[in-house]
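What follows is a short report on a single structure.
Chain identifiers are assigned alphabetically (A, B, ...) following the order of the sequence lines, protein sequences preceding nucleic acid strands; residue numbering begins at 1 within each chain.
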Protein chains: 2
Amino acid sequence: MNPLLRSWKTVRRLRRSEQLGADRTPPVTLRMLADRLGLHVSTVSRVLHAKPDESHRAASSATVERIRRLADELGYRPNPHATSLRTRRSNLVGVLVPRLSDIVLATIYEGIEESAGEHGLSTFVTNTRDVPGIQRARTEMVLARRVDGMIFGDAYVDAEFLGEVAARGVPFVLVSRRAGDYPSVTCDDYLGGRMLGEHLLGLGHRDVAVVAGEPYASTGIDRTGGFVDAYADAGVEIPRHRIVHSRFDARGGHEATEALLAGGERPSAIFAVNDFAAIGAFGAVRDQGLRVGADIAVAGFNDTPLAAELPVPLTTVRSPMHEMGRRGIDLLARLLQGEHVESERLRPELMIRASTHPTAS
Amino acid sequence: MNPLLRSWKTVRRLRRSEQLGADRTPPVTLRMLADRLGLHVSTVSRVLHAKPDESHRAASSATVERIRRLADELGYRPNPHATSLRTRRSNLVGVLVPRLSDIVLATIYEGIEESAGEHGLSTFVTNTRDVPGIQRARTEMVLARRVDGMIFGDAYVDAEFLGEVAARGVPFVLVSRRAGDYPSVTCDDYLGGRMLGEHLLGLGHRDVAVVAGEPYASTGIDRTGGFVDAYADAGVEIPRHRIVHSRFDARGGHEATEALLAGGERPSAIFAVNDFAAIGAFGAVRDQGLRVGADIAVAGFNDTPLAAELPVPLTTVRSPMHEMGRRGIDLLARLLQGEHVESERLRPELMIRASTHPTAS
DNA sequence: GCAAATTGCCCAAACGTTTGGGCCAAACGT
DNA sequence: ACGTTTGGCCCAAACGTTTGGGCAATTTGC
């Protein structure tokens with residue numbers, strides 16, 4: 001570039017930044033580095049960008065050194081908007097969850113964020129409250145932000161909406177819930193349900209009920225399925241009216257349990273497909289004047305940190321929530337590299353406590 | 001522009017997008033619209049951008065109509081990276097919280113996200129686990145993403161780090177916790193503590209203890225302060241050893257309560273500065289073979305959804321978490337407009353339940 | 001009927017990167 | 001001594017917007 005022109009441009013830029021007001025330090029750009037070093041901006045870019053194969057071809061090692069030193073002396077941070085604009089890659093991923101105030105999803109998100117950081121990705125996370133209209137709207141919103149890919153923690157098992165997203169060529173993975181044949185990272189919910197079923201069978205419970213969660217979520221479906229199958233294998237058929245759907249929160253578990261306890265003869269054990277619903281079940285049991293553990297067994301799923309602290313500690317199935325989040329990003333990262341990925345199903349662990357087993361811890 | 005040149009460019013662009021692979025539909029740009037309509041890109045930009053004052057000067061109403069129609073027929077979405085690059089405004093805000101798996105912060109974040117959407121802002125949220133080093137690192141990270149402003153939900157009361165951030169000219173507001181004179185949206189924690197103190201005094205409790213939370217968080221400090229002052233006003237001095245710091249989770253509340261119960265004569269009531277710590281206190285009380293409510297009163301703070309569902313419903317102070325998040329963004333938005341803003345202190349509400357008052361619901 | 005104002009649009013530069021392709025000089029091969 | 005490689009750097013276009021200025025044609029004012 002014509003050196004005269006260059007210095008004129010520099011003058012203009014300085015004047016401009018003065019007008020902006022004093023306190024907000026203007027971010028340092030490649031051009032500033034290049035100007036101060038008497039180099040071309042492309043040289044600086046190459047040196048600061050590609051480590052092994054490019055940088056030594058781009059400049060002499062002395063120059064490389066000069067550039068590096070100035071860059072971190074001035075605290076150079078590439079402008080991600082410029083980079084994204086140029087490369088058509090934003091290193092952003094959108095994450096949809098039903099609600100972050102559900103500790104399960106929040107913990108999964110912690111795993112997502114942790115792993116995303118390691119992959120150089122940033123995440124937009126938003127709540128959809130499991131409402132399809134909101135899922136659509138929020139998906140549009142994050143796609144408008146030009147994310148590279150998405151993670152859905154709120155998949156409907158019918159996968160209708162996901163089909164549309166896939167048709168648009170957006171890379172995504174599912175966490176927590178599975179749907180269709182899309183790549184997902186889930187807990188082995190079916191196995192977890194089975195384990196709990198076998199546990200209750202072993203304790204002699206024959207008349208049991210299930211607070212089954214929302215009918216559109218694979219988590220509730222699979223946990224219930226495993227539980228029911230465990231009983232079927234033992235020759236016990238759980239009647240239809242012993243299985244009631246519910247919201248996934250405490251209130252929902254409370255209501256569902258109320259319904260279950262309303263009938264004439266009550267079950268001797270209740271399996272709620274997540275811990276919050278189980279806590280709601282505690283409330284309903286209490287309202288009936290019954291005692292959890294002594295009069296009726298209650299079990300949950302997920303082993304959230306509260307489970308062990310409850311006045312009657314809760315028997316539950318530990319699901320690797322944090323790990324699910326981490327693997328979710330790992331899968332997505334590989335997807336973004338163009339690799340083909342397989343779904344993963346993580347192993348649950350049965351935690352036996354006093355809510356089903358009076359002599360347990 | 002020379003029409004010949006323009007069409008040649010179009011050809012190049014088409015060829016290029018073919019190479020990308022079939023499925024990923026190339027996003028529609030201003031130029032595509034302009035080319036198809038035989039207009040200049042700047043005209044299209046103006047029409048699609050400024051509503052009342054500009055658009056009618058920018059084009060005839062017929063043209064405006066044509067542009068609008070094609071834009072949403074093709075589903076035009078402005079590329080935010082290009083826009084941010086040009087305008088130096090990203091409409092992004094960074095949110096730091098200790099941990100989203102804490103339902104209090106998660107709920108605050110729901111408010112933040114909701115209100116952010118209404119303001120046309122998007123949020124990056126990240127967990128810092130209250131570790132200063134991580135706070136710094138994550139702050140750098142979101143600033144590198146060129147956010148317009150920040151919301152801290154993890155402020156240390158000493159405000160040292162916040163001072164550095166402020167010195168760099170970054171606009172921010174605090175939620176949940178206050179610090180220094182920086183604009184914040186908090187619950188009136190002091191008042192909440194007072195209300196609880198007066199409640200327990202009214203029930204005749206003279207020998208009380210406090211599970212006070214982390215010493216660096218204004219929430220715990222102010223709640224404890226209000227509580228202690230209520231007792232002081234009644235002529236009761238709470239001895240130093242009755243006040244123990246703790247983590248904010250169930251485990252932390254458990255450990256702190258164990259310590260409190262270890263001594264010779266035990267208090268007749270325990271105030272834990274948040275619900276999770278209170279649940280942990282439940283666990284510790286249970287481990288001592290005591291019954292919450294009957295043998296010892298326990299109160300919490302925040303009124304999380306579980307409080308009412310516990311086997312012994314928890315007396316607590318309702319704090320407007322969702323609203324705090326909303327107001328936080330509102331404040332930040334005004335700050336970004338250059339307005340001057342004042343901190344807000346939201347009103348708490350006492351929820352009396354059986355954990356302190358055996359005959360309550 | 002002429003100057004002035006308005007309407008309706010176009011031009012071009014800029015935001016900060018990345019990247020394919022140059023170009024000049026020095027080192028190398030024979 | 002003379003072509004060829006390589007080292008070290010620069011050039012310029014492009015990504016998709018926004019925005020201060022134009023400029024021609026039409027309308028308005030008098």
Is the shortest side-chain N/O distance from Ser42(B) to OP1 or OP2 of dC10(C) below 4.0 Å? no
Starting at atom CZ of Arg31(A), determine the distance to atom P of dT17(C), rounded to an integer number of angstrom. 10 Å
Between P of dA14(D) and CG of Leu85(B), the distance in whole Å: 17 Å
Whichever of Ala82(B) and Thr43(B) has its nearest DNA chain C nucleotide further upstream toward 5': Thr43(B)
Just to verify, which of Arg177(A), Gln135(A), Arg129(A) counts as forming a side-chain hydrogen bond (donor to acceptor under 3.5 Å, both in side chains) with Asp154(A)? Gln135(A)
Checking contacts here: which listed nucleotide (dT17(D), dC9(C), dT17(C)) is nearest the side-chain heavy atoms of Ala59(B)? dC9(C)
Whole Å only: how far is the NE2 atom of His40(A) from the C1' atom of dA13(D)? 11 Å
Just checking, any donor-acceptor pair under 3.5 angstrom between side chains of Ser122(A) and Arg145(B)? yes
Proximity to the side chain of Arg88(B) - top-ranked nucleotide from dT19(C), dC15(C), dC9(D): dC15(C)
Across all chains, not counting sequence neighbours, the ring pair (Phe, Tyr, Trp, His ring centres under 6.0 Å) partners of Phe124(A) are Phe124(B)
Testing dC15(D), dC10(C), dC10(D) for proximity to the side chain of Leu39(B), the answer is dC10(C)
So, Tyr182(A) versus Phe172(A), ring centres under 6.0 angstrom or not? yes
Would you find more than 12 non-hydrogen atoms of other residues, nucleotides or ligands less than 6.0 Å from Arg334(A) atom CZ? yes
Donor-acceptor pair between Thr128(A) and Arg138(A) side chains, under 3.5 angstrom: no
Round to the nearest Å and state the distance from Asn79(A) atom CG to dC15(D) atom P. 18 Å
Which nucleotide, dT17(D), dG16(D), dT17(C), lies nearest any side-chain atom of Leu30(B)? dT17(D)
Could you tell me whether Pro27(B) contacts a base, only the sugar-phosphate backbone, or nothing, with contacts defined as non-hydrogen atoms closer than 4.0 Å? nothing
Assign Ser45(B) to base, sugar-phosphate, or nothing according to its heavy-atom contacts below 4.0 angstrom with the strands shown. base
Testing dC11(C), dC15(D), dC10(D) for proximity to the side chain of Arg46(B), the answer is dC11(C)
Given Asn91(A) and His119(A), is the side-chain hydrogen bond (donor to acceptor under 3.5 Å, both in side chains) satisfied, shown in steps? CA-CA 9 Å; Asn91(A) 292 316; His119(A) 284 277; over 6 Å; no
Answer yes or no: does a side-chain N or O of Ser60(A) lie under 4.0 Å from OP1 or OP2 of dC9(D)? yes
Euclidean distance, atom NE2 of residue His49(A) to atom P of dG16(C) [Å, nearest integer]: 18 Å
Where the side chain of Val41(A) is concerned, which of dC10(C), dT17(D), dT17(C) is the nearest nucleotide? dT17(C)
Nucleotide nearest Thr87(A) (side chain, heavy atoms from C-beta), chosen from dG16(D), dT17(C), dT19(C): dT19(C)
Under 4.0 Å, counting only non-hydrogen atoms across every strand here, what does Thr63(A) touch: a base, just sugar-phosphate, or nothing? sugar-phosphate
Euclidean distance, atom CZ of residue Arg89(B) to atom P of dA14(C) [Å, nearest integer]: 24 Å
Apply side-chain hydrogen bond (donor to acceptor under 3.5 Å, both in side chains) to the pair Thr123(B) and Tyr109(B), showing each step before the final yes or no. CA-CA 10 Å; Thr123(B) 55; Tyr109(B) 178 70; 2.8 Å; yes
Base-paired stems that DNA chain C participates in, counting runs of 3 or more Watson-Crick or G-U pairs under 3.5 Å: C:1-30 with D:1-30
Interatomic distance where NE2 belongs to His81(A) and P belongs to dT17(C) [whole Å]: 12 Å
Arg77(A) CZ to dC15(C) P, in whole Å, measures 22 Å
